[in-house]
Amino acid sequence: MRRVVGVLVLCLTLVWTIWAQEVKYDGYQVWRITVRTPAELEQIQQLVRDVWMVRGSVIDVCLSPDEQATLRKAGFTGEVLIPDVGALIRQQKSDFIPQDGSLFTRYLTLDEIYAAMRQLAEQNPHLVQMFEIGRSVENRPIYALRLTREPRRARVYRDRPQVVINAMQHAREWITPPVVLYFAYRLVAEYPTNTQVREALDRLEVYVVPVVNPDGYVFTHTTNRLWRKNRRYLGIYFNRPVYGVDLNRNWSYGWGGAGSSGQPWSDTYRGSAPFSEPETYWLSRWMLSLPTLRAHVDVHSYSQLILWPWGFTTDLPPFNGVFERVGLAMQQAILGVHGQFYTAGPIATTIYIASGGMTDWVFGVRGALSFTYELRDTGQYGFLLPPDQILPNCEEVYPAFLELLRWAQQRDWRE
Ligand code: 0X9
Ligand code: ZN
């Protein structure tokens, strides 16, 4: 009996070490390829597993050594953006070690982000409240901060329109939670002295959700730095267990259309049904409960873009003129801080058609002015943005968020 148990434990340990094995990216490269025709773009997307970015005729791809050879054989060459992905991830892991107490000089773990949120709420009870929106596939809480004057006096203030800013639907986009967390911290810090901030928090309810996809985020720390989707188990395909729904293809508005995949192993898998995932389900339920949702930003990376509906069609949305005015004002605000240029435009015509995205749902269903940001950089590091760019990125986006709060306070934002 003892021996049987011993062998069993040994087997389990073996299985565990193989399963929990960190995914290595040695020899992987990121290439930027400029194609001549849409057919070529299609062809590359067929040949490559991990597409990092597509914009017009330009595509960034993360390639295994085999994929590099395949593309070369097919006649494609590209500019090498990252010569050794594995080495860069390792180097950034060691950057990870210094802990000087500051929140925006290194990438925090999920627990650290949640602790920072809790601390802000506990130290500022007259301005900040923390609460749970719902839970993930692996039962992790999804937390939000509610910032408004005296949040404990009313569950919702009917006369204070709501603004929601969320990040991290996509796990590998590590720059996104700090930018949203910084926004909350700075609002609180400036409330006593900055009239614009004071008026905003007196007249609005500002909600921030730094991590929509906690399971995915944890997985990028423990196992695979470049994971994108949530951690839903989907079954065995090609003799391998397959996980993950792309949360930004799982929203109900336009669900199932172009620019989303029905194949579970795809990085843009839309899920078995709209809101099949607890992360999108709870977030949408909560957003439906807000009585006067005015404005919203879904924060992603990378490419430096300010995007608005539609994602599911190239048709212009109603009130495109308003989106453009606010979008360009936010663009100018960002430009003014560190001189970084963010391109502004509707999703489908600026990047690509993508159906089932959050921004389309928030505008299409809730009628709120909804944007998608794509943060730094423009491709030099992509998702592997060095930690010394966290703070500058936080700083430059802050006044753009303030600009949105300014618009949300107008009696009717359509004006
Ligand atoms: O493809 C996406 O989901 C976003 N780009 S990312 O590289 N961060 O994955 C763009 C989202 C566009 N928004 C909507 N379709 N709603
Ligand atoms: Zn994203």
Side-chain angles (χ1 to χ4, degrees), residues 30 32 45 50-56 58-62 164 166-177 179-180 209-213 216-217 220 226-230 244-261 266-271 274 277 279-280 283-284 287 296-315 317 323 327 342-366 368-379 381-385 393:
V30 177
R32 173 160 290 183
Q45 281 172 297
D50 188 8
V51 175
W52 274 26
M53 188 217 71
V54 183
R55 235 192 104 192
V58 176
I59 179 168
D60 294 352
V61 283
C62 180
V164 173
N166 68 267
M168 182 58 68
Q169 288 199 77
H170 291 145
R172 60 190 174 183
E173 297 166 11
W174 278 17
I175 183 59
T176 65
V179 164
V180 172
V209 189
V211 184
V212 169
N213 177 8
Y217 189 57
T220 59
L226 295 175
W227 189 256
R228 167 183 167 94
K229 304 186 285 181
N230 77 348
V245 170
D246 182 349
L247 295 179
N248 206 29
R249 300 292 182 281
N250 191 238
W251 295 74
S252 66
Y253 198 88
W255 184 88
S260 72
S261 172
S266 163
D267 245 357
T268 53
Y269 178 52
R270 63 176 82 102
E277 304 313 295
E279 295 88 352
T280 51
L283 202 60
S284 64
M287 289 182 96
H296 164 248
V297 185
D298 175 27
V299 184
H300 290 254
S301 74
Y302 63 97
S303 290
Q304 299 188 186
L305 307 168
I306 294 167
L307 303 169
W308 57 82
W310 299 111
F312 80 105
T313 171
T314 52
D315 294 349
F323 277 111
Y342 284 51
T343 303
I347 294 160
T349 51
T350 307
I351 47 170
Y352 42 77
I353 289 191
S355 309
M358 182 177 195
T359 291
D360 283 3
W361 184 87
V362 174
F363 179 60
V365 174
R366 291 284 349 233
L369 205 62
S370 178
F371 292 88
T372 299
Y373 285 5
E374 299 277 357
L375 302 178
R376 289 194 188 193
D377 54 12
T378 54
Y381 293 102
F383 302 117
L384 300 173
L385 191 73
N393 205 161

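Start at 1 and go down the list; that is how both ligands and their atoms are numbered. Positions are given from 1, in the same order as the sequence printed here.
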Do the non-hydrogen side-chain atoms of [X] and [Y] ever get within less than 4.5 Å of each other?
X: Ile347; Y: Trp310; value: no
X: Leu305; Y: Ile351; value: yes
X: Thr220; Y: Trp174; value: yes
X: Phe383; Y: His170; value: no
X: Val245; Y: Thr280; value: no
X: Thr268; Y: Arg228; value: yes

Val299 and side chain to side chain contact (heavy atoms under 4.5 Å, CB included): which single residue from Val209, Val180, Thr372 fits? Val180

Walk me through it: do Ser260 and Arg249 pass the test side-chain hydrogen bond (donor to acceptor under 3.5 Å, both in side chains)? CA-CA 6 Å; Ser260 72; Arg249 300 292 182 281; 5.8 Å; no

Result, protein N, O or S atoms below 2.8 Å from the Zn ion (ligand 2), excl. waters, equals 4

Charged N to carboxylate O under 4.0 angstrom, Arg32 versus Asp60? yes

Does ligand 1 have any N/O atom under 3.5 Å from a protein N/O, and what are those pairs and their distances?
from: ligand 1; atom 1: 1 (O); to: Arg249; atom 2: NH2; distance (Å): 2.8
from: ligand 1; atom 1: 1 (O); to: Tyr352; atom 2: OH; distance (Å): 2.6
from: ligand 1; atom 1: 3 (O); to: Asn248; atom 2: ND2; distance (Å): 2.9
from: ligand 1; atom 1: 3 (O); to: Arg249; atom 2: NH1; distance (Å): 2.9
from: ligand 1; atom 1: 5 (N); to: Tyr352; atom 2: OH; distance (Å): 3.2
from: ligand 1; atom 1: 5 (N); to: Glu374; atom 2: OE2; distance (Å): 2.8
from: ligand 1; atom 1: 8 (N); to: Glu173; atom 2: OE2; distance (Å): 2.9
from: ligand 1; atom 1: 8 (N); to: His300; atom 2: ND1; distance (Å): 3.2
from: ligand 1; atom 1: 8 (N); to: Ser301; atom 2: O; distance (Å): 3.3
from: ligand 1; atom 1: 8 (N); to: Glu374; atom 2: OE1; distance (Å): 3.3
from: ligand 1; atom 1: 8 (N); to: Glu374; atom 2: OE2; distance (Å): 3.3
from: ligand 1; atom 1: 9 (O); to: His170; atom 2: ND1; distance (Å): 3.3
from: ligand 1; atom 1: 9 (O); to: Arg228; atom 2: NH1; distance (Å): 2.5
from: ligand 1; atom 1: 9 (O); to: Arg228; atom 2: NH2; distance (Å): 3.4
from: ligand 1; atom 1: 15 (N); to: Ala354; atom 2: O; distance (Å): 3.3

